[in-house]
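Quick note: numbers below take in every heavy atom, side chains included, and nothing from hydrogens, waters or symmetry partners. Labels below follow one simple rule: chain letters A, B, ... track the order of the sequence lines, proteins then strands, and each chain is numbered from 1.
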Amino acid sequence: MTVSNNVGDWLDIGPVSQISPGNARTLPVRGGEEIAIFHTLDNQFYALVNKCPHKQGPLSQGIVHGNVVACPLHNWNISLKSGEALGSDEGCVPTVPLKVDAGRIYLLREAVIPSRTARKAA
Amino acid sequence: MDFQVGNESRTEDGAVILIPAEGVREHLVVVGNGMAGCRAIEELLARDAGRYRVTIFGAEPHVNYNRIMLSPVLAGEKTFEDIVINSRQWYDENDIELIAGDPVTAIDRAAKTVTSRSGRTVGYDKLLIATGSDPFIIPVPGKDLPGVISFRDMKDVDTMLEAAANGGGAVVIGGGLLGLEAAHGLTLRGMKVTVIHLMPTLMERQLDEAAGWLLKTALEGRGQTILTGADTAEIYGEGQVEGVRLKDGRDIPASLVVMAVGIRPSVALAREAGLDIGRGIRVDDHMVTSDPDVFAVGECVEHDGNVYGLVAPLWDMCRSLADGLTDRHTGYRGSVTSTKLKVAGLDVFSAGDFSGGEGCEDIVLRDASRGVYKRVVVKDDKVIGAVLYGDTADGGWYFDLLRKGEDVGEIRDLLIFGQAFASGGGQADPKAAVAALSDDAEICGCNGVSKGQVVACVEAGNCTLDAVRATCKASASCGSCTGLVETLLAVTLGDDYSGERATRTVCKCTSFGHDDVRREIVAQGMKSIPEVMHKLHWSTPDGCSSCRPALNYYLLCALPGGYRDDQQSRFVNERMHANIQKDGTYSVVPRMWGGLTNPRELRAIADVVEKYNAPMVKVTGGQRLDIFGIRKEDLPAVWADLNAAGMVSGHAYGKSLRTVKTCVGSEWCRFGTQDSTGLGVKIERMTWGSWMPHKFKIAASGCPRNCAEATIKDFGVVCVDSGYELHVGGNGGIHVRATDLLCKVATEQEALDYCAAFIQLYREEARYLERTAPWIGRVGVDYVKSRIVEDDEGREALRARFLFSQSFSQEDPWARRAGGEDAELHQHLAEVRPMEFVV
């Protein structure tokens, strides 16, 4: 599936059923950062840039517990809510505003698409 | 408005008050005769009964009834008459015109009229939309068959009662609040009910995994079949529903299908009228829509970004609406909601936010013997969420603390024990709470030991946990009261007792060690991770990245063939069946039995390397080839290509049997004493695919020159003229450890049998992530010998258990993935191509 021409501030990336609880899926962005979308066992959804602040490990492949993901490379625990490394580790990965509406997942368009952000800033 | 001149009066200070005359009162038309519409009118009447002339349109041919009580009607606990809120008499007495069974189908805001299905057009001055919500019907084939209904109104209940009268099977699609209440009612009415729920947890919006598991277990105990993680493919039948087919092929016969997957604000009418619609009809704090003369309340509205599907917010909205309509604007500020499941005998409560987050702290209490799970989420010393199962007595209290945002810092330590404890005289110390227990309070449920008995035991000189366990037996069985017993030791001995448990716990989520957990899983016959966490009083709702993989392994080991592997508890490599590399790509290692290969395999590997542009191929230390730089999306295709050449997963990624390294042995080598290559192949065929506490390497050398380096492997065979030396517990890692000699055997078959038995002993007794070297360092090689060498019967039993377990695990995981299983693990959710990047 290719999402290319959604209108509005929110990008519809499909139904919640595409990500089973405890899992994450990825959303590559041409010209931008790949985004990881998480579904926790408590049925919450979060989106982060798919790069651990430590060594850029793909967070989407980590074990999700509570609202934390453990990076698959070196087991850093990253908060899904804030993107911050927990415990004694330091670092932060950007979060992407996400909302769930009527069973579908939406990401804030301008946080996803880099050129638009750049245009706005200009 | 047309005010008649004669109805003008003056107050003492001369202000003019206009009083609308009878007959020209403003006309308030209400669309919707449900709970919200009628409640709004009740609130209005209570404030100013004569203010408006009221007409109510209702789609159903009934007076106003309490929709949330449909469940008890279905269950036979109430009749329709019992749940009527306002009888005909109420409408008459308050001069309300009720047009029932004739829904409004159009609103003309310019002309200020509404038109009903029968063609009746009525003018309004003020319009209130209270259309509620529509059940969400999943778009599967057969959704329109007779016998497929939702659970929304009295007609649905009648249909269910008719179906129940004929008995047979019913399927409820949706394991949320509504679906479970429907399932409960139908079960009581004698139907065989199957609940199909897409998510793995029942009522996942209100409950966490732990409480959902308890609920599922309880409902199954009542005879319902609960299928979680089940996706409906189609509803089938000839002219009438006959059953439901799931996407995994399962088929459930049913004469009734109830769809209770969710509701959506009913906004079609408002949308056609051109009102501002988001997820619901958008209203301000006074329930005014984008048209100042049109109001909306209830489940059809969106307020401040929120829509509500519960009854409590509706009461708040109606109050604000009535205040506004009578010129004393107060304003609605949104609602905090709580949920209680209306199924007799099952106490389930949830409120607020329990998704966790920064600064949030979970306080969890599990009492397995009473079937109680309580979880309170605290942030900045305030309660922000609560989930209660089995004992909901304190639900109201927690909800009250939550709504009022009260500071609970003072009572934090006792909060979870409930209002009685936490408010009881400022005992800000859990020890005090235990000290306050009466002497006959039961401490150990398993052995029936009271607090008085434990204290007496301690006072008699048993000053350690072990001593207490040995004498009065408290905490000697399931161990779940260990914390209480320790607290009693501390209370009784004072400063003389400083705690003692030296065994390391599995992780910070539990006070149990690995061995305790394994013992209890077997002893109590536990079957799932949530069950273990519940029965062993886990302090977190769903564990962490340390305990989840450990529990998954322990269950897998305890229940060969009977446990469904939890992918969410697997480390990435085991979930993806490949080794993640630092750049996020994977390396792929196909199995080469005993290090042997052939042109066909080598060609297939070469082709894969070229086809997928693998930047590197390397010979591993375990005598096989490692293909680097494969993207997760390409893994299934790579595996399909390798499978086609007869190769299977090498499990180079797993806590499992890795390789069996061999030397060429007697077939070629001038020094070889036995066929070490052939033996290695046989061992690998026997042991591949097995999950273990940690990775496990084997080698077979053909002579004591030991070219296969068998004496630094987990299990090593060194062939000699007279037979086979078996070595165990070697490791070539950070701490190099040479093997211990286990024994010498005469035949190849014995070498295989001892190997199987040793692996099973390691699988059953080592701790998760403990290699054989530290394990044997801990238990001693003499212990291993006593089990494997000196106990023939025990060895044979271990071997048999290993082979039984292997009968379930020797299926190539690559073949399943190449065939399309778990495809979502490999595919991107979608791809974003901003316009400027679309070619």
Proximal component of [X], with respect to chain B [non-hydrogen, under 4.5 Å]:
X	answer
P58(A)	side chain
N50(A)	neither
I35(A)	neither
N23(A)	both

Measuring heavy-atom distances to chain A, does [X] have an atom under 4.5 Å in its side chain, in its backbone, in both, or in neither?
X	result
P265(B)	neither
S545(B)	both
S546(B)	neither
Q567(B)	neither

- Could you tell me how the ring of H54(A) sits relative to the ring of W76(A): parallel (under 30°), tilted (30 to 60°) or perpendicular (over 60°)?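 Parallel, since the angle between the ring planes stays under 30°.
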Which heavy-atom pair separates [X] from [Y] by the least distance, and what is that distance?
X	Y	result
L207(B)	T201(B)	O-CG2, 4.4 Å
C92(A)	P53(A)	N-CB, 3.5 Å
G280(B)	E302(B)	N-OE1, 3.4 Å

Please rank [options] by heavy-atom pairs under 4.5 Å with chain A and give me the top one.
options	result
Q827(B), Q568(B), E209(B)	Q568(B)
D231(B), D542(B), D208(B)	D542(B)
E204(B), K582(B), M199(B), Q581(B)	E204(B)

If you tally heavy-atom pairs under 4.5 Å against chain B, which of [options] wins?
options	answer
S60(A), P72(A), G103(A), A24(A)	P72(A)
S20(A), G22(A), S17(A)	G22(A)
G62(A), P28(A), A70(A)	P28(A)
L73(A), I37(A), L86(A)	L73(A)

- Spatial distance of atom CG (N552(B)) from atom OH (Y768(B)) [nearest 0.5 Å]: 7.5 Å
- Rounded distance (nearest 0.5 Å) linking atom CG of D362(B) with atom OG1 of T540(B):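 Taking CG in D362(B) and OG1 in T540(B), the distance rounds to 8.0 Å.
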Do [X] and [Y] meet the criterion of a side-chain donor-acceptor pair at a distance under 3.5 Å?
X	Y	value
R548(B)	H65(A)	no
T585(B)	D583(B)	yes
Y553(B)	E574(B)	no

- Message: Looking at E34(A) and R631(B), is any side-chain nitrogen of the basic one under 4.0 Å from a carboxylate oxygen of the acidic one?
- Response: no
